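Owing to the predicted nature of the structure, the values given are computational and were not obtained by experimental measurement. Within every chain, numbering begins at 1; the chains are lettered A, B, ... in the order of the sequence lines, protein sequences first and strands thereafter.
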Amino acid sequence: MRAIVVSPNGVAIACVDPADVDERAMPTVWWGSPAAAAEQVAEIERTEGPRWAMWSQDSARELLELGVEVARSWDVAAVHRVLFGGWRADPARAWARIGGLSTRDLPADAPLDLFHQEPDGDPDDPVRPDGHLRPDWVAGAWQETPERAGRWATVLAELVRRQRAAIEELADREDGRPAARRTASSESTAELLCAELGHAGLPVDRTAMEAAIASFVGPRPASEREAVERVVARDEAVLRHVPQGIRFDLRSPTQVRSMLRVVGVEVPDTRAWRLEQHRDAHPLVDALLTWRKAERVATTFGYPWLDERLGADGRFRGEWSAADGAAGRMTASGGLHNMPADLRSGVVAAPGHRFVRADLGQIEPRVLAAVSGDRSLARASQADDLYAPVAAELGVERAVAKVAVLGAMYGQTTGEGARALQGLRRSYPIAMSYLEAADATAQVGTDLRTYGGRLLRMGGPVPVERAQAAARGRFGRNAMVQGAAAELFKVWALIVRARGRSVDAEVVLCLHDELLVHVPDEHVEVAASMVDEALGEAAARWAPDRSVRFLSDTSIVRSWADAKP
DNA sequence: TGCGGCTATTG
DNA sequence: CACAATAGCCGCAG
């Protein structure tokens, strides 16, 4: 522990080198205004470049708001999620878990009542006699004095020390995960990237995005009355196809089913892919499908969505999470991860800039080859199109080989993919056993760990219905691949983030296997090469075995829509 | 008012 | 509708 920088209204960053934590050392505390604290952080970053210990992405967000960006961190919440799975990772929970305390009923910051007048222990000690953190300290009581801030920093340092020991133990175990050391670092730093993504936002051209929205729902209504009229008109375009006198609520699936029955279309549900089969049966079906598309844009990706999230600086902002609760993929709110592809024309680089857009080709089967150690599948990964050699090996069409491989990773038990499974088992026994072992383990509720060491919680040995057990098996089987792919992707994104600094290349979007990097025109070629090189480096760093080939499809574009689909 | 079901979008 | 996610609306229970 070297230093801590504190401001009375909230910035608490301990500067800790996890390799050098001395539990007895008292931290140096800088106590000042937020601006002064930020300046201190910037100075330490400049001169020492440490791995900063942080409670969570919140710490990084506070720093960014003060104009300070740091390169590396040990993020207690991120490491907690790796070690123990799940998503919740508040300080009290992380502290309790690493200390072996129960997290079933964590002490809450409940108001004191007659029966709990005086909380036990010393109110100036952040740790209660029962070993839990004091809720009032977690809630902010640590900020009251420099002495308290120092004690709080010591708690953080101790937590980091214990987490680090747990990661080392995991890496050194007989059945361990040596990659866990690297995962702890990359998952931590991914939290910094997420804070930066949320802070900086995605370049969006308001005019272009409004045009894209307008192509579905018409131009922005001038008044509330006009907005209502627009909705009525959209509904009417569908309802005019049914006999007069009967009104149906198009937003109610039950009523839509009745409406379709009136014109002689019988469907078990009203999902688009099913209605597609009946497009020719009656003009109503086509009108309904068009309505659905417009309604979706109007309610979720319309003008209110844009107004709420697009700033005057031309940046569209959502909140980013570095690891979801399941397999550990990055997620984003605000529609950044499920924006209809038709709106991508609104995502445009700023004047004088271009995007480097890159996505990983066939990432999941390649990751499967790597984590399972299947040499045959690794050989297939040498091809630009992995499914081609697999199809040749199985003696089937490429399309069949593809659904078979995907089906194996998803746990599909019916259809064409399942029929080709026997061939996969024969030709790629190591990879298939890897998936089947994960499936079997998950079915009985036993937790799994990804290649990188992330715990995948499977619910414990609670008896469940057969169908539920099968679903758990499919989840476990897929999470081992999806989670490992997420780990590799993050390493790649972080290398791009670090290397990009020198050419002002800024990662502005991460989408599971796709990166969008915003770059000044003059550096865009260099940045594109850098993105490709970063993948090789990421693969080597993530899994030092070089037998599996990873590919990125990289292009330079003005708009996200210009990238080939 | 909260929550499960349905629907649509993305990888 | 195989795996994951976010998100909105409807219908029903409390």
Side-chain angles (χ1 to χ4, degrees), chain A residues 87 216 231 235 248-257 267-277 288-302 304-305 308-309 318-344 347 359-365 367-368 402-421 435 438-439 442 448 450 454 456 467 470-486 489 509-516 553 560 563 565:
Chain A
W87 193 81
F216 289 96
V231 171
D235 288 11
F248 295 98
D249 182 354
L250 299 176
R251 292 155 194 83
S252 162
T254 320
Q255 291 197 39
V256 168
R257 251 187 94 194
V267 279
D269 59 68
T270 74
R271 292 181 170 91
W273 66 270
R274 207 185 285 283
L275 296 181
E276 207 66 55
Q277 331 273 25
L288 179 61
L289 286 167
T290 305
W291 178 90
R292 280 261 176 87
K293 198 100 183 162
E295 178 74 0
R296 171 114 183 100
V297 171
T299 55
T300 308
F301 299 102
W305 166 75
E308 189 183 326
R309 298 199 168 260
E319 298 82 43
W320 288 79
S321 161
D324 64 39
R329 296 209 297 193
M330 288 176 74
T331 64
S333 70
L336 284 163
H337 269 187
N338 55 353
M339 180 192 304
D342 292 321
L343 299 189
R344 289 183 184 183
V347 180
D359 71 276
L360 301 179
Q362 303 168 339
I363 176 67
E364 292 197 338
V367 160
L368 173 61
K402 181 177 174 177
V403 297
V405 171
L406 292 173
M409 289 188 297
Y410 288 143
Q412 186 179 18
T413 54
T414 58
E416 205 164 27
R419 280 196 291 281
L421 195 60
L435 294 171
D439 194 308
L448 294 161
T450 62
R454 178 183 301 280
L456 305 170
R472 218 155 56 173
R474 287 195 301 271
F475 167 60
R477 160 198 296 259
N478 183 254
M480 293 292 276
V481 179
Q482 190 186 98
F489 175 82
L509 187 83
C510 296
L511 189 45
H512 307 317
D513 66 350
E514 182 173 7
L515 271 181
L516 206 54
D553 175 19
W560 192 14

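- Side chain of Ser252(A), nearest nucleotide from dC10(C), dG11(B), dT9(B): dC10(C).
- Of the candidate nucleotides dT9(B), dC3(C), dG8(C), dT9(B) has the atom lying nearest to any side-chain atom of Arg296(A).
- Residue contacts shown for Ala327(A) are absent, as no nucleic acid heavy atom lies under 4.0 Å away.
- Side-chain atoms of Asn338(A) and base atoms of dT10(B) include no donor and acceptor less than 3.5 Å apart.
- As judged by a 4.0 angstrom heavy-atom cut-off over every strand, Met409(A) is placed among residues making no nucleic acid contact.
- For Arg329(A), no side-chain nitrogen or oxygen approaches OP1 or OP2 of dA4(C) to under 4.0 Å.
- Side-chain atoms of Arg419(A) and Thr414(A) include no donor-acceptor pair closer than 3.5 Å.
- Closest to the side chain of Gln255(A), from the set dT6(C), dC3(C), dG11(C), is dG11(C).
- Counting any heavy atom pair closer than 4.0 Å across all strands shown, Arg344(A) reaches sugar-phosphate atoms only and no base atom.
- Residue contacts for Ala272(A): at a heavy-atom cut-off of 4.0 Å it reaches the sugar-phosphate backbone alone, with no base atom in range.
- Using a 4.0 Å heavy-atom cutoff across all strands shown, Arg251(A) reaches sugar-phosphate atoms only and no base atom.
- For dT7(B), one of the phosphate oxygens OP1 or OP2 lies less than 4.0 angstrom from a side-chain nitrogen or oxygen of Arg271(A).
- Residue-to-nucleotide proximity on DNA chain C shows that, of Arg309(A) and Asn478(A), the 5′-proximal contact is made by Asn478(A).
- A sub-4.0 Å separation between OP1 or OP2 of dT7(B) and a side-chain N or O of Thr270(A) is present.
- Of the listed nucleotides (dA5(C), dG11(B), dT7(B)), dG11(B) has the atom at the smallest distance from the side chain of Asp513(A).
- Proximity of a side-chain donor or acceptor of Gln255(A) to a complementary backbone N or O of Phe248(A) within less than 3.5 Å is not detected.
- Across all strands, Arg274(A) comes closer than 4.0 Å to no nucleic acid atom at all (heavy-atom distances).
- Nearest-nucleotide positions on DNA chain C place Trp273(A) closer to the 5' end than the other of Ser333(A) and Trp273(A).
- When heavy atoms are screened at a 4.0 angstrom cut-off, Gly417(A) is found touching no nucleic acid atom at all.
- Under the 4.5 Å side-chain criterion, counting only non-hydrogen atoms from C-beta, Lys402(A) is in contact with Leu406(A).
- Side-chain proximity of Pro253(A) to dA4(C), dG11(B), dC6(B): nearest is dC6(B).
- The closest side-chain donor-acceptor pair between Asp235(A) and Trp291(A) falls under 3.5 angstrom.
- As judged by a 4.0 angstrom heavy-atom cut-off over every strand, Ala418(A) is placed among residues making no nucleic acid contact.
- Checking side-chain atoms of Arg309(A) against main-chain N and O of Gly335(A) turns up no donor-acceptor pair under 3.5 Å.
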